[in-house]
Protein chains: 2
Amino acid sequence: MTIIDVARHAGVSAKTVSRVFNDEPHVSAGVKQRVREAAAALDYHPNVMAQALVRRRSHLIGLVYENPSSSYGTELQMGVLDRLRDEPYRLVVIPIASVAEHAAEVVGLLRSAALDGVVLAPPASDNPRILSDLQRAGIRCARIASTRLLDAAPSTTIDDLAAAREIAAHVIELGHRDIAIIKGDPTHASTEARLLGYGQAFHAAGLTMRLDRIEQGLFTRESGRVAAARLLESADRPSAIIAQNDEMALGALIAARELGLSVPEDLSIVGFDDTELAQLAWPPLTTVRQPVFDMAVAATDMVIAQLHREQVTMQRAYKHVLIIRGSTAAPPRLDC
Amino acid sequence: MTIIDVARHAGVSAKTVSRVFNDEPHVSAGVKQRVREAAAALDYHPNVMAQALVRRRSHLIGLVYENPSSSYGTELQMGVLDRLRDEPYRLVVIPIASVAEHAAEVVGLLRSAALDGVVLAPPASDNPRILSDLQRAGIRCARIASTRLLDAAPSTTIDDLAAAREIAAHVIELGHRDIAIIKGDPTHASTEARLLGYGQAFHAAGLTMRLDRIEQGLFTRESGRVAAARLLESADRPSAIIAQNDEMALGALIAARELGLSVPEDLSIVGFDDTELAQLAWPPLTTVRQPVFDMAVAATDMVIAQLHREQVTMQRAYKHVLIIRGSTAAPPRLDC
DNA sequence: CTGAAAGCGCTAACAC
DNA sequence: GTGTTAGCGCTTTCAG
């Protein structure tokens, strides 16, 4: 059933059917009626691919993320879906195993998906190659938690440095002196920013950061578990662990449990992001909230605004909030 | 940049360029080479929408689910993505707030997304209207956890009845006699099946099911919390709660905590599905495992097989496994 | 207010 | 091996 069939059936031209279906003006009520009836009788539905070809719009918006299964990824996706509800755009999920390795191929992939626009999560959101390829390909984008090239494309941001400083300061204030850090994936820019933030808090408190207390993780639960196990297995173990996200903090919690340590009595643990995991963990995690859902809504909004050729906010900064829960307490007193 | 530009640049016809890009045979190596160079020089990328129009294939596969944010939804999606990796198909996420209410509009929505095929999760997977509309629209599908119309379309199944019977039997074996049930969304077929399974276990043990011990939930955490609160607030409270999924079991856990009850000492709680939540909860949930990820992989495979006109398995049954964790124990002894 | 003609960029079917 | 012709189903001119 094509537009031609409907046109014949209604005794009008194809163009008129097109007008009716696109709510264009200048169609008499009678004709409109006849066309609608003919379409209903023939169970006609416009061919979306033909429309896409001629309009040069697929109405597809992509979400690019390394690890969509994480709590962070879910929240992100829910934000995009929330903004897309009641809009004539669909969400295509584009998982990329390793953005750093495949940066050169990413935009080719997006192109072959015929996307009108994309929401870029870290670390793609900070990748200069991807950003410039995207522009050349004419694919609109908006970015989640960018840290650099802030005028290259619209982005949402948080102050990683300050957020990291605050959560480290909280741990220090509790009385901890021997504090270990589990870093995130080195290909994410926030890994460095957060580390610097922790460093500032240490410095302000007159503490020195011991490099042998910094473990490399990958933002995954398992990497957090392994890193924490390394830190906790020695007799000389830290009294607190600062993980660069909740997923790794949960891994640390699991490692502590495996070693028979109680949290927070023997060990304090903090995360970052305040994803759902943080409340679900036992004890619930002290962390710093990053409004991922809201950022995803805003980024999606920025993409749509571009597609509609509307005024686009180039940058939107979000506030973080320190969330104190049960995974932190004063360090154990060794000398009594 | 179109195929014509490349053809001109390489001094061949458009069809030849098409042949090269589609790896068709009968193109001499030299020509192939020239075409590739011309394409590279012009930064040519085939227009996917034009291909889609003429091939009648969008290479888009949809995942229809009511609540993609849940742990169950995430697992489902990861299964689909896993099967789609390295395939030239993309995943479009189609959340439907209430399948029961909008059944008549669902296929129109899918149609307007130009999907080649869809994976249907409950309760869409059991909806006759959706199934028949899908067939009329020529959209291939495969279903997750279907319970009926098993030859209407390919499906994956588990034995809800047996699984429910087993987990209820486990609770009964622990010595519980006063057992409450939190039902799931009544528009899902498994709600009834599982209830019947619990009933069979009760009957086999010579217990009667008290209707005033059956609460209606909606498969959401909050509905589980509210239902459990109702059950637990009376002085005459049950010693065990059987929830029809993990999400509601977690809600029950939260309700118990709010009322100062310890699990499993004062109250045993079990769920269903064995999603990630079950291991994350504290105490971890006794539940019955449904291999959602595997089922999603299989369903996606069934969709792809249809698109490739290959032989399709019409039904694939999965085994459930009783998983005993910390949320269940013998009931408290009242008489000592 | 309505319609005819001309594509959008690509590929199927057939020639040569 | 390679090119030609004719669409895919729709929308965009531009006439009337």
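So you know, we letter chains A, B, ... as the sequences are listed, proteins then strands, and number each from 1.
Partners of Phe21(A) according to the ring-ring contact (aromatic ring centres under 6.0 Å, His included) rule, which considers only residues two or more places apart in sequence or in another chain, are Tyr44(A). For Arg111(A), the side-chain contact (heavy atoms from CB on, under 4.5 Å) partners two or more places apart in sequence, or in a different chain, are Ala137(A), Asp43(B), His45(B). When the side-chain contact (heavy atoms from CB on, under 4.5 Å) test is applied to Arg34(A), the partners found at least two apart in sequence or on another chain are Val12(A), Val31(A).
Contacts between chain A and DNA chain C, taken as any atom within less than 4.0 angstrom of a protein heavy atom, begin and end at dC1(C) to dG9(C).
Ring orientation note: the planes of Phe219(B) and His188(B) are nearly perpendicular, at an angle over 60° on the 30°/60° scale.
Gln311(B) CD: 12 or fewer foreign heavy atoms inside a 6.0 Å radius. Shown here is His26(B), whose NE2 atom has no more than 12 heavy atoms of other residues, nucleotides or ligands within 6.0 Å.
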Indicate for each nucleotide in nucleotides 1-11 of chain D, in 5' to 3' sequence, whether protein heavy atoms under 4.0 Å reach the base (B), only the sugar-phosphate (S), or nothing (-). BBBB--BBBSS
Throw together a table of side-chain donor-acceptor distances under 3.5 angstrom for residues 99-109 of chain A, partners on residues two or more places apart or in other chains.
from: His102(A); atom 1: ND1; to: Glu105(A); atom 2: OE1; distance (Å): 3.3

